[in-house]
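This is a predicted model, so every value here is computed, not measured.
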Amino acid sequence: MEPVTMAKAINLSLRDALANDDSVLIFGEDVGTLGGVFRITDGLQKTFGPERVFDTPLAESAIIGICIGLVLRGFKPVPEIQFDGFIYPAFDQIVSHVAKYRNRTGVSMPITIRVPFGGHIGAVEHHSESPEAYFAHTAGLKVVAPATPGDAYALLQSAIADPDPVIFFEPKARYYLKEEIDTAREVPIGRARIAREGTGVTVVAYGPTVSIALDAAKAAEKENISLEIIDLRSLSPLDMPTILESLRKTHRAIVVHEAPVFGGFGGEIAARIADDGFDLLEAPIERIGGMDAPYPPARYEKLYLPDVDRILEAADVALAYG
Amino acid sequence: MEPVTMAKAINLSLRDALANDDSVLIFGEDVGTLGGVFRITDGLQKTFGPERVFDTPLAESAIIGICIGLVLRGFKPVPEIQFDGFIYPAFDQIVSHVAKYRNRTGVSMPITIRVPFGGHIGAVEHHSESPEAYFAHTAGLKVVAPATPGDAYALLQSAIADPDPVIFFEPKARYYLKEEIDTAREVPIGRARIAREGTGVTVVAYGPTVSIALDAAKAAEKENISLEIIDLRSLSPLDMPTILESLRKTHRAIVVHEAPVFGGFGGEIAARIADDGFDLLEAPIERIGGMDAPYPPARYEKLYLPDVDRILEAADVALAYG
Amino acid sequence: MADVVQVAPADDPVRPLFSPAGELTAEARATLGLSPDALRDLYHKMVWIRRTDQEALNLQRQGELGLWGPYQGQEAIHVGTVAALRETDWIFPSYREFGMGMCRGIDPAEMLKLFRGVSHGPWDPRTYHFAPLVIPVASQVPHGVGFAMGSRFKHSDDVVLSTFGDGATSKGDWHEAMNFAGVFQAPVIFLCQNNHWAISVPLAKQTAGSIAERAQGYGFPGIRIDGNDVLGIFAAIRTAAERARRGGGPYLIEAMTYRMGPHTTSDDPTRYRTNVELERWSAKDPIPRFRQWLEGQGLLDEAALAAINREVEAKVETMRNRLRATTAPAPGEAIFGRVYQHPSDSFLEEREEFESSLESN
Amino acid sequence: MADVVQVAPADDPVRPLFSPAGELTAEARATLGLSPDALRDLYHKMVWIRRTDQEALNLQRQGELGLWGPYQGQEAIHVGTVAALRETDWIFPSYREFGMGMCRGIDPAEMLKLFRGVSHGPWDPRTYHFAPLVIPVASQVPHGVGFAMGSRFKHSDDVVLSTFGDGATSKGDWHEAMNFAGVFQAPVIFLCQNNHWAISVPLAKQTAGSIAERAQGYGFPGIRIDGNDVLGIFAAIRTAAERARRGGGPYLIEAMTYRMGPHTTSDDPTRYRTNVELERWSAKDPIPRFRQWLEGQGLLDEAALAAINREVEAKVETMRNRLRATTAPAPGEAIFGRVYQHPSDSFLEEREEFESSLESN
Ligand SMILES: Cc1ncc(C[n+]2csc(CCOP(=O)(O)OP(=O)(O)O)c2C)c(N)n1
Ligand SMILES: Cc1ncc(C[n+]2csc(CCOP(=O)(O)OP(=O)(O)O)c2C)c(N)n1
Ligand SMILES: [Mg+2]
Ligand SMILES: [Mg+2]
């Protein structure tokens with residue numbers, strides 16, 4: 001297969017899901033005629049018709065709320081939230097219902113909520129949020145974030161096939177990453193991958209920060225520093241065995257995400273490493289993330305977000321420790 | 001002064017705020033005529049009239065949304081959200097506006113959102129949530145939770161006087177805790193307190209888990225185990241100096257909250273201790289919290305929530321470590 | 001501008017059945033087509049669910065239930081609604097529709113587990129086409145609309161009954177759901193049980209407008225009717241449901257009634273309302289009203305009444321006994337058992353640890 | 001039932017000014033009391049904000065702005081609205097009201113900082129009584145209502161103008177805010193700029209009902225009017241504002257207009273709409289329409305037109321130069337400077353670390 005962008009890989013994954021399972025429905029703001037503001041749903045309405053791929057009124061809470069009823073009626077809804085910053089109006093439906101409905105009734109809730117997330121796209125306010133920690137903390141949900149086109153394809157297949165609700169975070173700044181993908185490869189939810197092997201320091205990343213971590217690893221190599229990059233793929237459940245396995249080699253860890261560090265999901269990762277890996281750790285875990293301030297105007301986003309330099313510095317500190 | 005309950009202490013604090021500052025407004029569902037479902041606002045409408053203490057329609061997003069306009073018009077809103085589980089519909093207004101409006105405009109946002117939170121009250125679903133991690137992770141907010149009547153009085157005074165937005169979590173299961181209070185004592189936001197001195201293990205708690213931690217300390221004493229109990233009072237900002245100070249004595253820490261552990265605020269605390277206190281720590285930090293499942297039916301809440309036994313076990317493990 | 005002016009559909013078969021004041025017309029009442037048995041059954045069910053409500057109050061006082069939310073005064077709505085629907089039509093209730101659930105055949109002793117604090121949802125919604133009681137106000141309204149949209153996609157003629165209180169109409173979710181229903185022409189009947197109070201907040205402080213009239217703004221009709229007349233409810237719901245089945249789209253029914261009891265057993269209504277109001281509404285109590293009507297029609301005599309009361313007492317007795325005998329699931333199952341269909345290893349480990357810690361204590 | 005039936009207030013001074021189709025009547029137009037200068041100024045402002053819109057589009061293409069959201073076609077609303085209000089009346093805009101901000105006296109070069117990516121809100125709302133542009137759709141509507149409630153509490157006769165698009169009316173926040181306004185009789189004018197599109201979603205898919213008619217459901221009047229007639233907008237807003245000042249409560253104005261450009265510079269409207277529609281609306285373009293009217297009244301001749309164009313070009317030139325010369329705050333200030341009035345020590349430390357890391361690089 002030709003190399004495809006992540007945007008295209010997600011489009012293909014949706015297309016295959018629609019083709020293989022009549023109960024899959026795709027809807028949201030501008031996903032039909034327009035094919036989505038990022039063209040992720042491009043052409044799907046044309047192929048599958050307006051009863052399976054449709055535009056909704058502008059109302060995120062209802063977009064998620066109707067999913068519950070659609071599931072009870074036998075559908076598998078795959079709604080899109082247009083941007084990360086517009087998932088908040090749907091927070092109650094997600095936390096009070098999507099996450100809890102099975103616990104309440106015994107009825108499984110195969111709902112996959114797609115959310116383009118993260119910064120680095122030069123956008124205005126509310127278009128560059130990283131709200132994953134809110135959902136990872138919400139029992140009843142599964143939360144995933146692919147970093148590559150191939151994983152995006154496969155992970156979305158797993159999410160849609162999963163009988164439980166999944167928040168599917170798409171690193172929108174990586175929509176144009178390209179690679180050849182193998183649509184037969186399976187990526188189960190809950191399994192991290194080693195994006196690059198290394199021996200010096202473990203770098204835990206997900207979504208948009210994976211490629212930054214990989215860039216850092218390349219740069220570090222020149223200084224004879226070896227970084228092992230873990231791409232979590234799944235935040236909840238979290239694949240601790242893979243992280244600890246890496247730690248057994250490196251004894252040092254860095255966690256990188258775009259969200260502000262304070263109270264962010266990096267805290268969970270670091271706390272778990274520091275607990276389960278207490279005897280393995282030879283240096284404090286550095287958490288690298290957005291500043292503890294609201295996402296800034298676009299001009300400043302590069303300074304606000306993690307970058308290669310901050311990872312390299314953290315690696316130096318970790319390696320020099322003790 | 002006679003000993004007063006926490007409920008009464010909060011009532012007094014609101015009363016004093018209304019009396020001392022004409023710009024303070026109190027509103028929410030059932031806070032006026034009824035005086036609140038927990039009677040926290042009892043009698044306030046009678047004293048201050050229905051333009052300063054008033055009932056609103058049943059709409060949490062608007063209850064928070066109007067605060068922005070009221071602030072621009074010169075008021076200091078102190079809205080009540082009736083129960084923890086009903087703050088989610090207001091999530092967008094809190095995260096997208098209350099937290100970010102000053103950053104956007106330069107106009108300070110003195111808004112204090114009161115939220116009774118936590119379990120142990122034998123209630124039906126959605127009445128026992130501990131959503132503090134969602135807000136602690138939101139830059140632009142301050143998040144506090146008193147554990148005693150005196151602190152509730154004083155911390156609420158600080159919150160209302162603060163020019164920045166504060167989420168004020170009230171441990172509703174402790175509304176009937178009683179003590180003498182000193183209304184002249186000041187409790188600044190951002191300052192933890194040592195609720196009980198000890199030397200063996202540091203237990204970090206806040207809100208409803210402080211008294212459980214204190215009970216555990218009493219029980220531990222009988223076994224010659226000395227627990228130092230830190231009552232955070234303020235989650236964001238977090239008083240790390242006080243925690244580290246304690247750790248210098250104990251070298252061991254336990255974190256206790258009611259929220260599910262996974263992705264909870266305990267992760268931030270543990271990650272920070274494991275980082276700033278890396279060389280002090282002699283045992284892994286145990287996090288004790290609610291199970292990683294939605295809040296269960298009332299019959300099961302005692303088993304779901306932290307209790308004295310789980311704290312004691314964790315202390316044993318920490319002390320036996322290494 | 002005329003190019004975009006839209007008006008509520010002219011097709012409104014419900015309105016002709018009612019007087020402008022919302023009373024079922026004598027003519028419509030005479031042509032409902034309900035058999036004497038069916039009419040008596042409506043009465044029987046109203047008595048049954050009221051007695052059950054009273055019993056639940058007692059059980060709460062005795063500590064058998066943690067909480068109870070009485071629906072006294074709203075029985076005509078509960079009973080008339082279920083009777084007017086097909087069994088395969090789904091009902092999406094709020095939290096006060098215990099009586100509706102009973103009419104749908106759910107064992108009240110099982111349902112009470114919710115208020116006993118042993119289950120968040122003690123029945124399978126798919127068995128009874130009765131969604132769980134939902135506590136966050138108005139949040140269930142989009143669920144029903146989603147179901148109804150799905151019915152359309154499946155070309156099914158099942159309709160949805162979505163019910164909520166007057167307070168619920170202030171919520172954003174209510175509005176979003178109403179608007180979706182209009183846009184997607186979803187076969188859903190919205191039933192507002194306007195009982196004049198949302199805990200302590202009276203209708204006049206809840207909204208300055210008319211709830212029924214709001215329907216027009218969403219492109220479908222609405223009507224305000226007497227909610228204490230079981231036959232009026234029956235007629236309105238059945239007619240609106242038939243219209244929806246035919247593809248006529250949504251309908252909003254605002255049924256005016258009164259919450260005769262406290263909001264829940266935690267509430268003290270003497271703090272915010274007067275007895276005068278209660279007395280005024282007692283005069284419109286749906287049960288004696290319907291009894292008198294049945295008696296007037298010669299459909300109910302003393303013997304029949306006594307038989308109904310005996311039967312109801314027996315059912316209530318059974319419920320009480322069954323409730324006391326109901327079992328609660330084991331803690332591990334209750335806390336962890338239904339969260340995920342495909343739980344992760346770490347989740348299962350947490351459950352195991354939890355269960356073994358219980359054993360060791 | 002009659003005890004609770006509420007109807008929209010009979011007091012509606014706006015409706016008599018308009019034909020049923022939403023056109024300002026000739027009589028009302030003749031009695032607006034605007035001087036020739038004031039009328040010419042309306043025209044001048046419309047030309048100015050349109051030229052500025054075009055220039056911003058250019059600047060975006062040149063890379064000077066990250067994004068631009070054109071308001072071409074909606075100038076009558078922007079200009080007429082501000083002219084009809086007092087300076088102390090607050091405006092709570094959505095994100096497309098750049099022209100309103102200009103009419104309120106905010107330097108467009110400063111305002112453009114938002115679209116240039118150097119500021120989230122480059123003016124102090126208190127200086128211009130003009131709240132920040134707000135991006136989450138409809139989320140600003142409760143803000144305006146809160147302000148208006150506060151005006152009432154302060155016994156001030158300042159009113160609030162809350163504006164939003166057709167898409168915004170689907171959001172829960174819009175509904176909750178409308179309902180609050182009705183209950184608290186807040187002095188607020190709701191102005192829906194119904195430009196027929198919400199990105200790619202046409203009005204008919206946004207709602208099946210009438211937006212203007214929804215007002216009744218909240219207990220106040222609403223009207224749908226021609227949004228491309230600056231004098232109609234002026235008359236409606238001024239009259240509704242006077243009513244609100246007198247304590248008459250909220251009013252909803254649905255102004256029918258058309259978004260002639262793309263949603264933003266990121267959008268490609270050819271994917272979802274036809275040129276035919278655009279051409280139809282071009283015929284109703286508010287600027288030539290008003291020019292013809294002014295010419296017909298003998299209030300505008302070639303010389304005056306040329307003078308206006310010259311003046312506008314000069315202003316646009318100034319804006320362009322000023323924009324290129326505007327400075328951006330230092331990163332530490334931009335990221336951390338306005339988050340808290342009372343930042344914590346740890347927050348200040350983070351800022352310091354950030355700033356010193358910048359210096360060291
Ligand atoms: C979102 C939300 N906010 C607040 C509450 C607390 N609460 C429970 S019932 C109720 C009043 C509901 O009134 P109404 O909709 O009229 O229904 P009724 O109780 O009269 O049947 C309130 C405020 C809640 N359950 N959900
Ligand atoms: C809550 C929210 N959801 C989605 C978006 C993305 N979005 C921006 S504008 C827009 C359409 C708004 O349409 P309308 O209200 O008619 O205003 P217009 O753009 O026509 O002026 C959408 C969907 C947003 N900004 N906020
Ligand atoms: Mg009610
Ligand atoms: Mg629009």
Exercise. Does the side chain of B/Tyr295 come under 3.5 Å of the side chain of B/Glu301 through a donor N or O and an acceptor N or O?
Worked result: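 Short answer, yes.
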Problem set entry | Distance-only donor-acceptor check, side chains A/Asp279 and B/Tyr321, under 3.5 Å |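 Looking only at side-chain atoms, B/Tyr321 and A/Asp279 do form a donor-acceptor pair, the distance falling under 3.5 Å.
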Problem set entry | B/Phe86/B/His127 under ring-ring contact (aromatic ring centres under 6.0 Å, His included): CA gap, chis, key distance, verdict | CA-CA 8 Å; B/Phe86 309 137; B/His127 290 72; 5.2 Å; yes
Exercise. With side chains defined as the heavy atoms from C-beta onward, is the minimum distance between B/Ile113 and B/Ile64 less than 4.5 Å?
Worked result: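 The answer is yes; the side chains approach within 4.5 Å.
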Checking heavy atoms, do the side chain of [X], its backbone, both or neither come under 4.5 Å from chain B?
{"X": "A/Ser61", "result": "neither"}
{"X": "A/Glu132", "result": "neither"}
{"X": "A/Asp275", "result": "both"}
{"X": "A/Leu281", "result": "both"}
{"X": "A/Arg272", "result": "both"}
{"X": "A/Glu125", "result": "side chain"}
{"X": "A/Val255", "result": "neither"}
{"X": "A/Ala90", "result": "neither"}

Problem set entry | chain B contacts, top residue of A/Gly140, A/Ser236, A/Ala270 (heavy-atom pairs, under 4.5 Å) |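 If we count pairs closer than 4.5 Å to chain B, A/Ser236 comes out on top.
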For this session: Could you check which of A/Gly290, A/Gly267, A/Ala139, A/Pro284 has the highest count of heavy-atom pairs closer than 4.5 Å to chain B?
Result: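 So the answer, after comparing A/Gly290, A/Gly267, A/Ala139, A/Pro284, is A/Pro284.
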Problem set entry | Backbone of A/Arg114 reached by a side-chain donor or acceptor of A/Glu80 within 3.5 Å |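 No.
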For this session: Check for a donor-acceptor pair, side chain of A/Asp84 on one end and backbone N or O of A/Ser128 on the other, with a separation under 3.5 Å.
Result: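 At least one qualifying donor-acceptor pair exists.
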Mind ranking [options] by heavy-atom pairs under 4.5 Å with chain A and telling me who comes out on top?
{"options": "B/Ser96, B/Gly277, B/Ala274, B/Gly85", "value": "B/Ser96"}
{"options": "B/Pro260, B/Ala259, B/Pro297, B/Ala99", "value": "B/Pro260"}
{"options": "B/Phe265, B/Phe262, B/Phe135", "value": "B/Phe262"}
{"options": "B/Ile87, B/Val95, B/Ile94", "value": "B/Val95"}
{"options": "B/Ala293, B/Pro296, B/Gly264", "value": "B/Gly264"}

Exercise. Can we say B/Glu129 and A/Lys100 salt-bridge, meaning some charged N sits less than 4.0 Å from an Asp/Glu carboxylate O?
Worked result: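 Here B/Glu129 pairs with A/Lys100 in a salt bridge, since their nearest N and O are under 4.0 Å apart.
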Exercise. Quick one: what part of B/Gln93 sits under 4.5 Å from any heavy atom of chain A, side chain, backbone, both or neither?
Worked result: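 No part of B/Gln93 comes within 4.5 Å of chain A.
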Problem set entry | Heavy-atom proximity to chain A below 4.5 Å, by part of B/Glu60 |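 It is neither, since no heavy atom gets under 4.5 Å.
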For this session: Give a yes or no on whether the ring-centroid distance for B/Phe91 and A/Tyr134 is below 6.0 angstrom.
Result: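 Yes; A/Tyr134 has its ring centre under 6.0 Å from that of B/Phe91.
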Exercise. Below 6.0 angstrom between ring centroids: does that apply to B/Tyr206 and B/Phe169?
Worked result: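 Ring centres of B/Phe169 and B/Tyr206 not closer than 6.0 Å.
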Exercise. Around A/Arg191, counting heavy atoms of other residues, nucleotides and ligands shown, do more than 12 lie under 6.0 Å from its CZ?
Worked result: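 Atom CZ in A/Arg191 is not packed in, count stays at 12 or less.
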Exercise. Take atom CD in B/Glu245; do more than 12 heavy atoms of anything else shown fall under 6.0 Å from it?
Worked result: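 No, CD of B/Glu245 has 12 or fewer neighbouring heavy atoms, counting only those of other groups under 6.0 Å.
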